[in-house]
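Hydrogens, waters and symmetry mates are skipped; everything else that's a heavy atom, side chains included, is used. Naming: A, B, ... by sequence-line order, numbering from 1 per chain.
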Number of protein chains: 2
Amino acid sequence: MTRDTAELTDDVLDDIPLAKSETPEELEDLALGEDYALNPEYVEMVVDAADSGDSKRLRELVGALDPADVADLMGFLTADYREQIIPLLDPEALGEIISELEDNIREEVLEATPSVTLARALEELDTDDAADVIDDLDDTKRFQVLAAMGETDRAAIETTLSYEDETAGRLMQREFLAAPEFWTVGQTIDHVREAGETLPELFFDVYVVDPTFKPVGAIPISILLRSRRETPLAELMEAVTEIPVDMDQEEVAYIFDKYHLISAPVIEPGGRLVGQITVDDIVEVIRDEAQEDILALAGVSDAGRDASVVEIVKSRLPWLMLNLATATLAVSGVAIFQAEIAQLVALAILMPIVSSLGGNAGTQTLAVAVRALASKELTTANARRIILRELLVGLVNGLCLAVVMGTATYLFFGPADHHDKLAIIVGAALVANIFTAAVGGILMPLALEKMGRDPAVSSSIFVTFLTDFTGFFAVLLIASLLLH
Amino acid sequence: MTRDTAELTDDVLDDIPLAKSETPEELEDLALGEDYALNPEYVEMVVDAADSGDSKRLRELVGALDPADVADLMGFLTADYREQIIPLLDPEALGEIISELEDNIREEVLEATPSVTLARALEELDTDDAADVIDDLDDTKRFQVLAAMGETDRAAIETTLSYEDETAGRLMQREFLAAPEFWTVGQTIDHVREAGETLPELFFDVYVVDPTFKPVGAIPISILLRSRRETPLAELMEAVTEIPVDMDQEEVAYIFDKYHLISAPVIEPGGRLVGQITVDDIVEVIRDEAQEDILALAGVSDAGRDASVVEIVKSRLPWLMLNLATATLAVSGVAIFQAEIAQLVALAILMPIVSSLGGNAGTQTLAVAVRALASKELTTANARRIILRELLVGLVNGLCLAVVMGTATYLFFGPADHHDKLAIIVGAALVANIFTAAVGGILMPLALEKMGRDPAVSSSIFVTFLTDFTGFFAVLLIASLLLH
């Protein structure tokens, strides 16, 4: 068992009163810092209780936390400690905790939990969250858990799983509040009071439907609440933004973000209302997609907080190997010019600067392009204008850098020994490379987007290759022309 | 006037019926693609109407759009076209359109709009959105607009502006629904029906307050709606997550995301309820903060969709100049080893590969660390474990790459002319540099975070410098040791 966290915090810990009679509220105050992140000291208290085998204390400490915080706590512990804690978890909260866990920890917890317990825990969740968990189970366990669930829940989960991953169908809940146009506010409220179980616990809009169950409008329930009982729904309803059940979740997030939606009805191809998506699921999508872009641009996938060294190496080494191949390819041209380098060693010093600056300029353009594509600020409507602007920016940046670096080169190496020509070589190569960076940085993500691929993935390796190659080749080619 | 967009879409446009008798619904269908992004063809229709000076048609085309789409449309047009459209905008929608506009376009629109029109438009907005716009005005215009507003709105905006930028105080609305503990569901609903104007149009929770107006609980209004009229609020209310008015917006977003909040009460230092934050404002914060990280890691700030070449150059050149300086510093060490390079030109070919791979490994580590810090998965509770793991990963990746590249070097250059030693030099330098990348990639963002700085900003330039320097220096140092 590792005790890494302990060593870091022992001295801090002495200042904390450890009387074992705190109320759950006091424990929660101890657990969370002002920023609502888990206190390292609290993690240490859990570790201490686990080490001394004090199950009662452990249950108390974990029980005082919100499911999201329990999930967070699990991420800070090693597998051994988690094993000790899992059986102590409140069955009521278990479903929510599981759906908050990171992938590899979730797998571990799912394996350790009996199928019947799991079935009960998942029945507490919204369909979309329960389906997500079921999807992670191996075939045998999935069969067992579904068999142990109630008929209605099982059917709902199976339908949800029939939609493709990362689509609206997977994000939606199958529970929602719908009412016909001719109902009044009062009738709707009475219906809500009677319907009870068939409605989701939380909902934010009433969807008004026509006789074929197509949504024709929506009313925020705060509007419902403030309107007179006799008002007909048709009078209150506003236009509604419908989400097709097969829409990609990134598109769904774009729509929620753009129109500031709190919930939206999901429709089948025929137009029939089949579910609703709420903004809390969208917050997760927006965060995840943005983080995916950060990692994709850096050429790395996140192996997870609890990943082993081997898992992390597997998530990073392939990219580095690919990079090794392209870098080798890029400098292989240099071999032709060995004579020039031997004659003028300064070239070897200046080449990497030219290629490094090109790489940086390319990364800048890429990041801006990927962001603009993701937010649909860059589309075919303005692509030509943006491309032209980027090329101009590349030219201007290249010229500015060339002047500075050319001057510096001249001052440093002086006029002797062909060194006067060095300044011109470096300057011209820089202009060429920064311009190339602009070309690659804007065209590559646009091309990937047009092909229906993710513009953040694999564009950076291409642009780096391009600027490495151009950097070396331009310096040496211009040198061989000027020096002979 | 540029007509870039026109050329791109002329051929597509021929297929679209242009009869000028569409209903607003038909126009909206023409305007938005299936993905709810603006159709390039629609932008072209607007440009055509503007070119032919057809104000009626222009008003029709723009009027059919949601404010968010009008704001989007503005971003696809040049300033000349915007000038033509601004006076045609529906005063009712103007406020919302302005608050959706990008910064530099917004500035232009604000200048072109009379103060009184602006005052009326802003009165339609929530306090937080109105304050945001007011904050962008120059002093004279701000004074005029505020003077033209109603007393209550002015006071609310001035209070909001007294909070620091990017804090909860700025995000919050001052309108919310609060009720004392002893009220019943029925009393609360009756109060909502009577209160009318003083309540926000949309709200999602009732905050239950004690006699000193401190929030003691919250009830989602869907729960209120489904409960019997005689139920006391105290029976329904759940624990509430309070947001201090001076909390940073990134912290607020973290809390909303973690606990899946739809709205949360904002409290003054004494604990008094002063406002509420709703999730739609948080969606924006989450998206913006993630995009900031992408751009910061790439060393670029977004100058905006409508920025000029000069503005973009200003947003990128300083970073490239800094990079020129550090790259120069990094290779300056190479000058000492000119003799080694002249003796063995192959070194000049291999050095850049070693430094480029180091740069990539560093970027991977950085991206993962920045993401983990942002989501509080990396804190002092597990920092030591994560650092150790990253160093191990660096070592393993370095060894793997060294074996591959060492072998390749040996096969390519063969055993003659000291070339047998090249494989060893390159392999050892790679291990050193990939390990260095791991050290810098994990420690630099942690250090910046500890100093209260943004870990995404300026860590990449440092790590690139570190790996450039180590790459060159390690190759040449090991070479000079082995070759003499």
I would like to know whether B/S375 and A/R287 meet side chain to side chain contact (heavy atoms under 4.5 Å, CB included); could you show each step before the answer? CA-CA 10 Å; B/S375 57; A/R287 188 201 50 203; 5.7 Å; no
Are any of the side-chain heavy atoms of A/D468 and B/P352 separated by less than 4.5 Å?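 Counting from C-beta outward, A/D468 and B/P352 never come under 4.5 Å.
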Counting only non-hydrogen atoms closer than 4.5 Å, does [X] touch chain A with its backbone (N, CA, C, O), its side chain (CB onward), both, or neither?
X      : value
B/F204 : side chain
B/D72  : side chain
B/L77  : backbone
B/A361 : both
B/I255 : side chain
B/L297 : side chain
B/V313 : both
B/E251 : side chain
B/V279 : side chain
B/F256 : neither
B/S227 : backbone
B/N323 : both
B/P244 : neither

Looking at [options], which has the largest count of heavy-atom pairs under 4.5 Å with chain A?
options                        : answer
B/A307, B/A456, B/S301         : B/A307
B/V192, B/V283, B/V393, B/T363 : B/V393
B/V396, B/N360, B/I286         : B/N360
B/L350, B/L320, B/V300         : B/L320
B/I461, B/V404, B/L177         : B/V404
B/L295, B/L392, B/D257, B/T278 : B/D257

Please rank [options] by heavy-atom pairs under 4.5 Å with chain B and give me the top one.
options                : value
A/L202, A/D248, A/V310 : A/L202
A/V309, A/T464, A/V354 : A/V309
A/A374, A/A195, A/A68  : A/A68
A/F412, A/W319, A/F203 : A/F203
A/K376, A/H260, A/E377 : A/E377

Please state whether the side chain, the backbone, both or neither of [X] comes within less than 4.5 Å of a heavy atom of chain B.
X      : value
A/V331 : both
A/D281 : neither
A/E100 : side chain
A/P200 : backbone

Got a donor-acceptor contact below 3.5 angstrom from the [X] side chain to the [Y] backbone?
X      : Y      : value
A/R385 : B/F76  : yes
B/R226 : A/E194 : no
A/R228 : B/R193 : no
B/Q364 : A/G299 : yes

Would you give the length of the straight line joining atom [atom1] of [X] to atom [atom2] of [Y], rounded to the nearest 0.5 angstrom?
X      : Y      : atom1 : atom2 : result
A/L224 : B/I221 : CG    : CD1   : 8.5 Å
B/I294 : A/I294 : CD1   : CD1   : 5.0 Å
A/C400 : B/L324 : SG    : CG    : 11.5 Å
B/L401 : A/M321 : CG    : CE    : 4.5 Å
A/R389 : B/I312 : CZ    : CD1   : 3.5 Å
A/I349 : B/I341 : CD1   : CD1   : 6.0 Å

Where A/Y36 and B/K258 come nearest, the two heavy atoms and their spacing: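 Distance-wise, the nearest heavy atoms are O-NZ, 3.0 Å.
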Taking all atoms of both residues into account, what is the closest heavy-atom pair of A/A381 and B/V43, and its distance?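 A/A381 and B/V43 have their closest heavy atoms at CB-CG2, 4.3 Å.
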Return the set of residues passing side chain to side chain contact (heavy atoms under 4.5 Å, CB included) with B/N39 (not counting sequence neighbours), or none when no residue passes.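 Expected list: B/E41, B/Y42.
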Check the surroundings of atom CD in B/E96: do more than 12 heavy atoms from other residues, nucleotides or ligands lie under 6.0 Å from it?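 Result for CD/B/E96: open.
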Is the CD atom of A/E102 crowded by more than 12 outside heavy atoms at less than 6.0 Å?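 Buried by this count: over 12 neighbours within 6.0 Å.
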Looking at A/D66, A/D69, A/D280, which one forms a side-chain hydrogen bond (donor to acceptor under 3.5 Å, both in side chains) with B/Y259?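 Per the side-chain hydrogen bond (donor to acceptor under 3.5 Å, both in side chains) rule, the option paired with B/Y259 is A/D69, out of A/D66, A/D69, A/D280.
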Identify whether the distance between the nearest side-chain nitrogen and carboxylate oxygen of A/R316 and B/E390 falls below 4.0 Å.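 The answer is yes: the pair qualifies as a salt bridge.
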